[in-house]
Amino acid sequence: MELIDFYPKISEKKIPLAILDIKPRLYVAWKEAKIINTVIADNHNLIERKTERKWVYLDVFNALWLLIVKELRKINIDFQTIRELKEEMFGLTTYEKNIEQLTKEEFESLLLDYYPADTIKEFGVNFNKQYFIDTIKDNLTEETSLYLSEMSGLLFSALVLKRSPSIIIFPGADTGDYFFVTLKNNPTSLIEKEALYNFYSEKFSADTFINIPIIPLLVKLFENEKMESYLSNFGLFSNEESRILENFRNNQCKEITIVKHESGNVCINTTTEKNIKDEEAKKLRTILGLKEYCRAEVIFRNGKHMVVKNSIKEIIEKQ
């Protein structure tokens, strides 16, 4: 299964730029520097005066990208490097490489997700990997380009597989040159763990590099109370999770217990003191949004109970 199977709405452009704490003037400067994914970013006219004003609305992919850009600019990464990274993150290079690396059996299985068996049989050997890639490119839409991008892989790794992906930036041999690697940390298999350990051991001792972890940036989205309704519309909060958040805001919850097998339970404070409640709300949104739980048990003030299971975890386990 792919990211679109879990979150088919996150390519919709609904997030106002202002929520990301990015000033319009800065956004315009970034756009002029061509570090904004302008092919996909969507602008809607709001007011027309002598100079045209626009609201900018973003999908989850591009919202995450702007947060990545903010991190890169904090450490003075130049525009040229960010432009190159943008092409890497939103291009199909990684997707093409993944197709090329498939075995014959894996490729034939992939074809069955797109075409009837009779069509595949009719084309025979002509239906090779390059033909498949060319066909995908010829029929590319804004939505499919996002879901086939490296950004999609990062989101799938973080939101579905529960990995901790990172973008690693290495300086090249020539001054001003960089190359990029995306890593899916927290692997489950021993072979992957050993490979990742060897990679970091070698790089830590021999190379200078920049690490941009993705989870902390997603946490910023989930912690932001203004983002809650948009994330719910995207399906990043299930109906049951949204109900928990709404009842927590309205002081209808007497006790919330988040059950985590690996790290123990988390008890959410239901105090009415604003500062504490705001922090607990951030914690609750993050745990529910990133699906960092097995189940959530809620006791309401009226005595009713509700148990919410992590549906993403159940789907992965069934696979």
Taking T135 for the side chain and Y131 for the main chain, is one N or O donor matched with an acceptor at less than 3.5 Å? yes
Output yes when a side-chain donor or acceptor of D5 lies under 3.5 Å from a complementary backbone atom of E2, and no otherwise. yes
Verify side chain to side chain contact (heavy atoms under 4.5 Å, CB included) between I15 and M227, making sure each step is shown before the conclusion. CA-CA 8 Å; I15 304 172; M227 282 288 299; 3.7 Å; yes
What class does the angle between the rings of Y95 and F132 fall in, given that below 30° is parallel, 30 to 60° is tilted and above 60° is perpendicular? tilted
Give a yes or no on whether a salt bridge exists between K137 and E96, defined as a side-chain N under 4.0 angstrom from a carboxylate O. yes
Report whether I22 and V28 are members of the same hydrophobic cluster (ILVMFWY, side-chain heavy atoms less than 4.5 Å apart, transitive linking). no
Measure the shortest side-chain to side-chain distance between L221 and L20 over non-hydrogen atoms and say whether it is less than 4.5 angstrom. yes
Could you tell me whether the side chain of K31 and the main chain of I36 form a donor-acceptor pair under 3.5 Å? no
Carboxylate-amine/guanidinium contact E279 K282, below 4.0 Å: yes
Is it the case that the ring center of Y147 lies less than 6.0 angstrom away from the ring center of F61? yes
Are the charged groups of K283 and E280 less than 4.0 angstrom apart, N to O? yes
Can you measure from CG (L72) to CD1 (I77) and round to the nearest 0.5 angstrom? 6.0 Å
Less than 4.0 angstrom from a charged side-chain N to a carboxylate O is my criterion; do K184 and E150 meet it? yes
E241 and K291 ion-paired at < 4.0 Å: yes
Note, L67 side chain near K70 side chain (heavy atom, < 4.5 Å): yes
Residue pairs, two or more places apart or on separate chains, that pass salt bridge (charged side-chain N to carboxylate O under 4.0 Å, His left out) and touch residues 228-237: E228-R249, E228-R285
Using the six-membered ring wherever Trp is involved, compare the ring planes of F237 and F222 and label them parallel, tilted or perpendicular (cut-offs 30° and 60°). perpendicular
For N224 and I19, indicate whether the former's side chain and the latter's backbone hold a donor-acceptor pair under 3.5 Å. yes
Would you mind reporting whether N247 and V298 have side-chain heavy atoms less than 4.5 Å apart? no
Test your reading of the model: is there a side-chain donor-acceptor pair from R295 to the backbone of V307, 3.5 Å cut-off? no
Look at the side chain of Q252 and the backbone N and O of N250, then say whether any donor-acceptor pair between them is shorter than 3.5 Å. yes
Does the S157 side chain pair with the main chain of L154, one donor and one acceptor, at a distance under 3.5 Å? no
